[in-house]
Amino acid sequence: MEIDFAKIEKKWQGKWEKEKVFQVKDSGAEKYYVLEMFPYPSGSGLHMGHAWNYTIGDILSRFKIMQGFNVLHPMGYDALGLPAENAAIEKGEHPEDYTKKSVANFTKQFKSLGISYDWSRMVNSSDPSYYKWDQWIFLKMLEKGLAYQKESEVNWCDKCNTVLANEQVHDGKCWRHDKTDVETRKLKQWFFKTTEYADELYEGLDKMDWPERTKAMQKNWIGKSHGTEIDFEVEGKKWSIFTTRPDTIFGVTFMVVSAQHAGLDELVTDEQRKDVDKFLKKLKSVSEKDSDKLDKEGVFSGSYAINPANGEKIPVWIGNFVVADYGAGMVMAVPAHDQRDFDFAKKYGIEVRQVIAPYFCDKECPPREGKRHAPRTVVQAIVKHPKENKIIQIQWKKFDWNTFVIGGAEEGETLEEAVKREVYEETGYKNIKSIKKIGFEMRSEWYALHKDENRYAYMNAFFVELSDLKKDEIADEEKEKHVVAWVDFDKVRDIYGPVSELNYICDALSSGESAYTNEGKLVNSDEFNEMNNVDAKDKITKWLAKKKAAKKVVNFKLRDWGVSRQRYWGTPIPVIHCEKCGAVPVPEKDLPVKLPKDVKFGKGNPLETNEKWLNVKCPKCAGKGKRESDTMDTFVNSSWYFLRYCDPNNSKKIFDAKKVKYWCPVDTYIGGAEHACMHLIYSRFYVKFLRDLGLVDFDEPAVKLFHQGMLHGEDGEKMSKSKGNGVLPEEVSGKYGIDTARFFLSGIASPDKDIDWSNKGINGSLRFVNKVVDLCSGVKIGKDSDEVLSKLNETVKNVSSQIDTFDYRTATIRLKELFDLLAKQKEISKVTLESALKMLAPFCPHVAEELWEKVGNKDFISKSNWPKFDESKVAKKGQGGDLNEKIIEDVNRILEKVADAKKVYVYVMPFELAKVDVKKVGKVVGKVVEVFAVNDSGKHDPEGKAKRAKPGKASVYVE
RNA sequence: GAGGGAAUGCCGGAGCGGUCAAACGGGCCAGGUUUAGGACCUGGUAGCUUAUGCUUACGGGGGUUCGAAUCCUCCUUCCCUCACCA
């Protein structure tokens, strides 16, 4: 039988619409809310990639309907935005008309895809009846102090001709124009206080069933960090400096203030003014080109700060690597223990003061209790051969270890002198070319077996170059102790005996000079010396707090959301500026503030070209007023649209709280990962705000989030008009049928992966669909074989859970297997055929409806009940079936392998399975066997041997 | 630099402690059908070899276990996100 895809698609789409198959009521059975991110209706229409995105949700939605849920599956348009306005500028078409046309076109295309949307609930954000509520929320935010205006440096994209939020700046470029540098401008802007919810936005993530990477991205973006605020006095003014490393306070040798800091001027002294101006000028000219590759640069401001820990006076520098609006915009620099500070200090010759010593405790000979020993200073020297690439290894005769040249420093001796002396004493070499310190002083602790005492060493490593091999005979006493050997420099890491600091020394030697950022013991830190630096963080904070110079704080990277845009096609901000009263909110009864149609596009903000709209009376004093001409960021519109779907036509309220309570939160939300830090954070913020207004009773917009992958063209490239690799749903539909394409795409890979379209590949799916059609027209209805029954039940079981977890790929495979088997049968029952068709329905809805009807049904398969499965009908393939039997089988097989065991413990889970017949098990092998039952918490497992016990499986422990 | 994810035949990808490595698709090879092509059907696609057989194989090294593609650990490589956040 041939199938006319175009014909049946039209037929069933018509029927679904006419019979309102997918329209839902706001009550009834258990609800399920499937949502795909609503699209921006562009003029170019939908391509196959879009179609696939929405199909992913459609499959889930249809499945949930058949499972008996009351499914809300709506669609709408995020219709405000720049492209419409740009089209207006380029083609002279009004954004409103452009949008209307695009929406109509999209809707037509959507409908021809046969997706299970309830079109009666469509929302369109460009409709005043929608954006009225954007304005209403704005007023509420204003009321609660969450919307505010401030003059600030903003991100400006020249191509968009408007301001961007921080989230919309990627890599210093505009998120829409990845070749356009974002500039900073000073403007008076409206902000939403997202920071008010920073902590909740951060902490809430842990509890959410969202993809790890999305949660990680959001965490990263919000950037919560615990630290200490330490007060430094700078020229008589208090600066609260944020740091996560209070333990390094004694190592602060300078301060760095951001070159962009607002209070910079006050810090610059007259003598330094010239240098500073020069520096700032240079920064400006560089940042345009390659701001990412900037070196750390700076200039001395002339001011000094007082370190509250020790009263020291330290210089304040101006640097290009400090972020102005994070923390205080000034940092305390500890060059010894922060790489950036280190680089900066080296460049400008500032002191590097060590306050943390790398600490090593010999694992093989750890210090013993009660055997204290006073610390002593020890030097180690890597001595290099004057000509060859070799170094000296001291091989100790009495103890089985090798070292570099090593020894204690004597009273009154400098470290260099000690090195010289030790080299001479141990090796006899007397002409040294250079001595170079390696890394920082260390702390090393071990138990010296031969002396029965603990050693605590202040260890210093040196790199020593000999100028020649002239040497004196060494003392007999030394000769007895060790042998001097030359070994390859490359093997430096292998030639050393059991001394734990080796790796640090070698790393420091090979990487050259750098800051030490790991853990260690405090040094040069007064009363905190020899304390572990991690413990010291808290101790020092408390100590400073007592002096009223510090407090523990939590800091966030997240900034407030700038929502003002200098463009036309957005939601007008409902504010009127009055000379007397300032910014006055438009009274609620006057909402919506509609966009005037009569404006001029081209230069500047179009809203300012309509004088009649612009000039109004102040609602407060009735004096002269001017409307706010900025509009809101379009992410405002998409932050709450999913709530409006629950009650889309309400003209009195934003929505009926009862309806939202029934439907929300969204159960499964599907959309691109690119929104992880924009739309998804904003809508979480909105939900929290609306919750605190008492309008909703949940904390997060969506229970589950799924990021679909992108559908690429056959060449593996992103589908685009310019590349000519786009695939249009209309064409596919005509050639293969939209259902065939759905089935094909479902079967390529997991829907969260990027996949490539393939004209060859779709043939395989066409073959399958034809096979199913042939089966339905040719098969003899009769009885099922056991094999068929088993396969059917197994398939129902698998496919049900696979659709739930978006494992569409495996589900299509199971369906192929099932239909393959059915096609081979002489006869099958009608129930079996129908069940198989039902499972096919979410993937191939039109074909399934058509065949459902062919088989003799009058109703819709889309509304039929999802088949149930019977575990007992699934054949035992050498396993399965009775768990008890299976476990006995398992155990016996294992026991045969471990024939020489004395005693065998068998663990089973869950608890109920303890009824495994012990005798039966033991008899087979003739061994002592004990069976334990284990529950989930590991109880009934006194010896902790059953860690590996898994439900339905036996775990064996052999003695 | 920080965080997240991944590595399995020619390719896309299943498998998530024992039954079982390579399901399922694509590609390729051979045979059948066919005037030919397409479509369709059958078999093959690590090696020995042609059998209801053995060997080698799940990025690499260690480990846990009676047993590891699967769990732990280190390393290598790749992808994504944020990156001077103190």
Side-chain angles (χ1 to χ4, degrees), chain A residues 167 170-172 211-225 227-228 230 241-246 248 252 255-256 258 291-297 319-334 337-341 343-344 517 555-559 673-674 676-677 707 743-744 747-750 752-756 758 760-768 770-771 774 807 809-817 820 876-880 886 889-891 893-901 904 945 947-950 953-959:
Chain A
E167 288 80 358
H170 298 159
D171 232 355
E212 281 310 315
R213 62 171 164 149
T214 310
K215 293 202 277 184
M217 274 190 239
Q218 292 201 6
K219 277 194 170 181
N220 225 306
W221 186 260
I222 299 166
K224 182 178 182 177
S225 64
T228 305
I230 302 177
I241 307 298
F242 180 76
T243 180
T244 54
R245 298 295 305 272
T248 62
V252 179
M255 309 293 284
V256 190
S258 167
S291 50
D292 4 330
K293 282 187 182 171
L294 265 190
D295 255 1
K296 279 152 205 66
E297 285 188 48
N320 63 345
F321 64 100
V322 176
V323 177
D325 52 359
Y326 183 75
M330 187 192 286
V331 299
M332 57 176 237
V334 185
H337 308 291
D338 181 284
Q339 194 56 44
R340 289 160 302 182
D341 298 347
D343 295 343
F344 194 87
T517 52
N555 223 337
F556 294 95
K557 282 205 273 186
L558 186 77
R559 319 285 158 73
E674 67 274 18
C677 289
H707 293 308
F743 195 82
F744 166 61
I748 296 179
S750 170
D752 58 351
K753 291 203 172 138
D754 289 351
I755 52 178
D756 298 342
S758 158
K760 271 187 187 161
I762 198 173
N763 274 319
S765 298
L766 186 61
R767 235 173 270 163
F768 169 77
N770 283 330
K771 205 188 272 179
D774 287 345
D807 191 5
R809 193 189 140 63
T810 341
T812 61
I813 290 162
R814 297 283 106 84
L815 287 175
K816 279 184 214 167
E817 286 172 0
D820 270 354
K876 314 171 192 172
K877 284 188 206 150
Q879 55 141 3
K886 191 183 131 200
E889 242 175 70
D890 265 6
V891 173
R893 195 183 51 246
I894 296 163
L895 289 180
E896 277 167 47
K897 279 209 257 176
V898 289
D900 47 347
V904 178
K945 287 169 183 162
K947 277 183 218 129
R948 302 188 308 278
K950 280 225 165 173
K953 288 208 166 162
S955 170
V956 176
Y957 181 83
V958 187
E959 225 170 55

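Letters go in sequence order (proteins before strands), and every chain restarts at 1.
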Student: Salt bridge between A:Arg559 and A:Asp325, side-chain N to carboxylate O under 4.0 Å?
Tutor: yes
Student: Anything under 3.5 Å between a protein N or O and an N or O of nucleotides 26-34 of chain B, put it in a table, one pair a line.
Tutor:
from  : atom 1 : to       : atom 2 : distance (Å)
B:G26 : OP1    : A:Arg767 : NH1    : 2.9

Student: Which heavy atom of A:Thr214 sits nearest to which heavy atom of A:Ala676, and what is that distance?
Tutor: CG2-CB, 3.8 Å
Student: Base, sugar-phosphate or nothing for A:Gln339? Non-hydrogen atoms, less than 4.0 Å.
Tutor: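 Counting heavy atoms under 4.0 Å across all strands, no contact is made by A:Gln339.
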Student: Strictly by Watson-Crick or wobble contacts shorter than 3.5 Å, is anything paired with B:A68, and which nucleotide is it?
Tutor: none
Student: Return the orientation label for the A:Tyr326 and A:Phe242 ring planes: parallel under 30°, perpendicular over 60°, tilted otherwise.
Tutor: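 If you compare the ring of A:Tyr326 with that of A:Phe242, the planes turn out perpendicular.
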Student: What's A:Lys753 touching, base or sugar-phosphate or nothing? Going by heavy atoms closer than 4.0 Å.
Tutor: sugar-phosphate
Student: Once you apply the 3.5 Å cut-off to both distances, tell me the Watson-Crick or G-U wobble partner of B:A22, or none.
Tutor: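 Across any shown strand, B:A22 pairs with none.
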Student: On RNA chain B, does the nearest nucleotide to A:Trp221 precede the nearest nucleotide to A:Glu212 from the 5' side, or the other way round? Give the residue.
Tutor: A:Glu212
Student: B:C82, B:C84, B:G13: which one has an atom nearest the side-chain heavy atoms of A:Asn320?
Tutor: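 In terms of side-chain proximity for A:Asn320, the closest of B:C82, B:C84, B:G13 is B:C84.
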Student: Tell me what A:Lys816 touches on the nucleic acid: a base, only sugar-phosphate, or nothing, going by heavy atoms under 4.0 Å.
Tutor: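 It contacts sugar-phosphate atoms only.
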Student: For the pair made of CG in A:Asp807 and C1' in B:C16, what is the distance, rounded to whole Å?
Tutor: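 The distance from CG of A:Asp807 to C1' of B:C16 comes to 13 Å, rounded to the nearest Å.
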Student: Working to the nearest 0.5 angstrom, can you tell me the gap between A:Lys296 NZ and A:Phe344 CZ?
Tutor: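 Reported to 0.5 Å precision, the distance equals 10.0 Å.
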Student: What's A:Val334 touching, base or sugar-phosphate or nothing? Going by heavy atoms closer than 4.0 Å.
Tutor: nothing
Student: With RNA chain B as reference, determine whether A:Arg814 or A:Asp754 sits nearer its 5' end, using the nearest nucleotide of each.
Tutor: A:Asp754
Student: Name the pairing partner of B:U45, where a pair is Watson-Crick or G-U wobble with both distances under 3.5 Å, or state none.
Tutor: B:G27
Student: Could you check how far CE of A:Met330 sits from C1' of B:C84, rounded to whole Å?
Tutor: 17 Å
Student: Can you tell me the base-pairing partner of B:A6? Count Watson-Crick or G-U wobble geometry only, both distances below 3.5 Å, and say none if there is no partner.
Tutor: B:U77
Student: Does a side-chain heavy-atom distance below 4.5 Å link A:Leu558 with A:Lys224?
Tutor: no
Student: Suppose we define a pair by two distances each less than 3.5 Å, Watson-Crick or G-U wobble; what does B:A83 pair with here?
Tutor: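 The base-pairing partner of B:A83, which may sit in any strand shown, does not exist here.
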Student: Pick base, sugar-phosphate or nothing for A:Ser225, based on heavy-atom distances below 4.0 Å to the nucleic acid.
Tutor: sugar-phosphate
